[in-house]
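Down below is the structure, laid out as C-alpha cells.
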12 protein chains.
Amino acid sequence: MSDHIYKKIELVGSSPNGIEEAVKNALVRAEKTIRNMRWFEVTETRGEIENGKVNHWQVTLKVGFTLDK
Amino acid sequence: MSDHIYKKIELVGSSPNGIEEAVKNALVRAEKTIRNMRWFEVTETRGEIENGKVNHWQVTLKVGFTLDK
Amino acid sequence: MSDHIYKKIELVGSSPNGIEEAVKNALVRAEKTIRNMRWFEVTETRGEIENGKVNHWQVTLKVGFTLDK
Amino acid sequence: MSDHIYKKIELVGSSPNGIEEAVKNALVRAEKTIRNMRWFEVTETRGEIENGKVNHWQVTLKVGFTLDK
Amino acid sequence: MSDHIYKKIELVGSSPNGIEEAVKNALVRAEKTIRNMRWFEVTETRGEIENGKVNHWQVTLKVGFTLDK
Amino acid sequence: MSDHIYKKIELVGSSPNGIEEAVKNALVRAEKTIRNMRWFEVTETRGEIENGKVNHWQVTLKVGFTLDK
Amino acid sequence: MSDHIYKKIELVGSSPNGIEEAVKNALVRAEKTIRNMRWFEVTETRGEIENGKVNHWQVTLKVGFTLDK
Amino acid sequence: MSDHIYKKIELVGSSPNGIEEAVKNALVRAEKTIRNMRWFEVTETRGEIENGKVNHWQVTLKVGFTLDK
Amino acid sequence: MSDHIYKKIELVGSSPNGIEEAVKNALVRAEKTIRNMRWFEVTETRGEIENGKVNHWQVTLKVGFTLDK
Amino acid sequence: MSDHIYKKIELVGSSPNGIEEAVKNALVRAEKTIRNMRWFEVTETRGEIENGKVNHWQVTLKVGFTLDK
Amino acid sequence: MSDHIYKKIELVGSSPNGIEEAVKNALVRAEKTIRNMRWFEVTETRGEIENGKVNHWQVTLKVGFTLDK
Amino acid sequence: MSDHIYKKIELVGSSPNGIEEAVKNALVRAEKTIRNMRWFEVTETRGEIENGKVNHWQVTLKVGFTLDK
C-alpha cells in the first residue's frame, strides 16, 4: 500500500449456503469489471427466511481496489 | 433477492419541500443511468437555512440495485 | 447546494508525509475522471509502519460531487 | 414517567406515501394488542423502489409502552 | 463556508403534524436569538403517543450558525 | 450458555434513587412473566428533572433469558 | 414487503460448530411460536472459550416477521 | 412535551463519590442560569485515578430544557 | 479536573491550510467570549473542494471549559 | 498530560453491589501490576441475573496509564 | 463470572478458509501465553483479495480472560 | 498479512505540534518493547488547551503487530 490511491465500492453478495460463499459470489461478479481488487470489509450480515429456514445469506461488503495512476 | 449480486451507491438528493421529495429527486436523477434499482436506505438528513427558514432539505441515501450476471 | 443531486464516492489516499497530503493525493487522482467535486468527509485515518516508523498515512474519505442534470 | 416500568418493541411500518404515514400504520397495527403506548423512536428509514420510483417507505421504530404493575 | 467559524447548538422541535414542521418550529424559535443560521442536521426522530396515535413529533437537530469575527 | 437459545427484550426501569435501583425495579417487574432471566445490558441512562433536581432515573436495559426447548 | 407491518425480535442462537449453525438453531426454536418470519440481521458474534478452544459460537440476530392484519 | 421547543446543552459533572452524585452536581450548577430543565441523558462515564483509586467520577450529560415562547 | 463542572460546546473551525490550523482558528474565536477552556475533542473532519483542490478544511470540535462555581 | 505517552487496557470489573464498586474492584486488581494509572472510561455496563435478581454487576472499562520514557 | 476480574485483549486471526478458522487460529496462538481465556467477541471481518479471490480472511476479535486474584 | 496472527494495543501519543507528531511519538515509545509493528488506526483526536491555545495534541491510536509463531 505504498503510494497508491484506492477506491472502495459497496456490494451485497448472496448465497444459499453461508457467509463466506456470499462474499465470494460478490467478488466473482465484481471481478468482471474491476481490476486490482485488494481487500474487503464486511459491514452487514443479513438473510432471507422462507418457511422458517435461511433461504439466502446476504452479506454487505466494501471492496477496495487500486486506481491506476 | 434470490441469487443476485447488488451494488450500493450513495447519493444526496435535495428539495425545497421536504424529506420524501428529496429522496424522490435523487432517484429521478439516478434512474437515468442505473437500471434495476431495488431499495434505498436514508443515512443522513440535513438542510440549508436561509433567512431563518429551511431553504433546501438534503437527504443522503444509499441505493441498492441488481448487477446483471 | 440548491437543487442539485450529488453522488458520494469513497477513496483512500496515501502519503508518506501526513494526513492532509494523503487527502490531496486522493483528490488529484479523482479529478482525472470526476468533474464538479464539491466536498469531502474524512472517515478513517490509518497508516503503515515499517521499522517502527510511519511509512505511509492512509486516509479514507468520501467525496461529494454534483451530478449534471 | 414517574415510577412506571416500560417495555420497548421494534416494529417496521410501511406506506406508499411517506415516513409519517409508515409510522402511523405501524401504530394502528400495534394498538390492537398493546395498551398504553407512550412514545416511539425512529431507528431506520428505508424504502422499496419499483420502476425507478419509491414503491413503499419502510420505517423501523421502537415503541415504548407502560407495563401495568 | 470560507474562513468563518461556526457554532452548533442542539434543539428539539415538536409538531403535531410531521417531521418537517417540527424542524421548522425549532428554527422559528431559534431565529429569535440567533443570527446567521446556516444549516441543520437531524440527529433523532421521536414522538409522543396518546390513545394509540402520534400526539407530537419530536425532532432533535443541530443548527450551525456563523460567529461574527 | 451451552446449547440454549436466548431471547432479549428491552425494558426501561425507573427509580427516584439511582441507576442500580432503576435496573432492579425493571427486573422485579419482568420476573412476573419471564422465567430464566440470565443477564442484562444497560443501553441508555437518562432521567427526568423537576425543579432542578433528578426526579427519576430511567435506565434502558436489554434482558436475555433462556427459551425452553 | 408491500403494505405489511413487521415486528422484529432479538434472539441469541448458539452452536458448537459455527456462525451459520448458530443462526439456524435460533430460527428452529423461533419457528415454534412465530409464523411468517421473513428476514434476519446479525448484530453480534461472540463465543465461549473452554480450554483454549471455541466451546460455543453465540450469534445475536434480529428476526423480522409479518404481523397479520 | 406538547408544543414546546427544547434546547440541549452538554455538561460534565464530577464527584468523588459516584455517578449519581456527579450528575446531581452538574444539575446544581446548571440550575443557577437555566430555567425549566426537563431531562438529561448520560453520554459518557469516566474518572480520574490517583494512587490506584478513583479520585473523581466524571459524567458527561446532555440536559434538555424548555425555551419559553 | 477536581470538583469542577464543565460545559462543552461544539464549534466548526476552518482553514485553507490544514486540520491543526482549523482547530486553532476555532479556539482563537472562542477565546473572545469563553474563559477557562480546558480541552477539545475533534468529532468530524471535512473540507470544501474547488477546482479539484481543497479550498478549506473544516474541523468540528467540542470544547470543554470550566464553569465558575 | 504534558508530553507523556499513555497505554490503554480494557478490563471487566464485577461486584454484587453496584457499578462504582465493580470499577473499583477492577482498579484494585490492576494496581498490582500497573503503575501510574491516570484515568478510566466506562464502555459497557452489564450484569448477571440469578433468580430474578442482579447477581453481579459487570462493568467494562478502559484504563489509561503513563508509559515511563 | 462471579467475583472475577477480566482483561480483554484484541487480536486479528487469519485463515485462507473462513471466518471460524481465523478465530480459531487466533485462539491457538493466544493460548501459548494466556491462561483462562473465557470468551471472545468478533469486532471486524475483513479479507485480502488476490487475483479476484479471497486470499485470507482476517477477523478481529476481543478475548476476555480471568486475572487470577 | 498471510497466515500471521496480530495483536492490537491502544496508545495515546501527545505532541505540542500536531496530530502526525503525536502519532510518531507514540510509535517511538512503543518500538522500545514491541517488535514487528505493522499498522495503526487513529481512533480519537483530542487536545489540552492552556490560555486559549492548544498546549498538547493527544491522539489515540491502535497499533497492530505480528505475534511470532
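A note on names: the letters A, B, ... follow the listed sequences, proteins ahead of strands, and every chain is numbered from 1.
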Gap between atom CZ of I/Arg38 and atom CD of L/Glu48 - 0.5 Å precision: 8.0 Å
Those residues that, when tested against L/Glu44, pass salt bridge (Lys or Arg N to Asp or Glu O under 4.0 Å) (two or more places apart): L/Arg46
With L/Glu10 via salt bridge (Lys or Arg N to Asp or Glu O under 4.0 Å) - residues at least two apart: J/Lys8, J/Lys62
Expected output: side-chain I/Glu20 to main-chain L/Ile19 donor-acceptor under 3.5 Å: yes
From L/Gln58 atom CD to I/Phe40 atom CZ, the distance as rounded to the nearest 0.5 Å: 8.0 Å
Heavy-atom check, side chain of I/Phe65 versus side chain of L/Ile49, under 4.5 Å: no
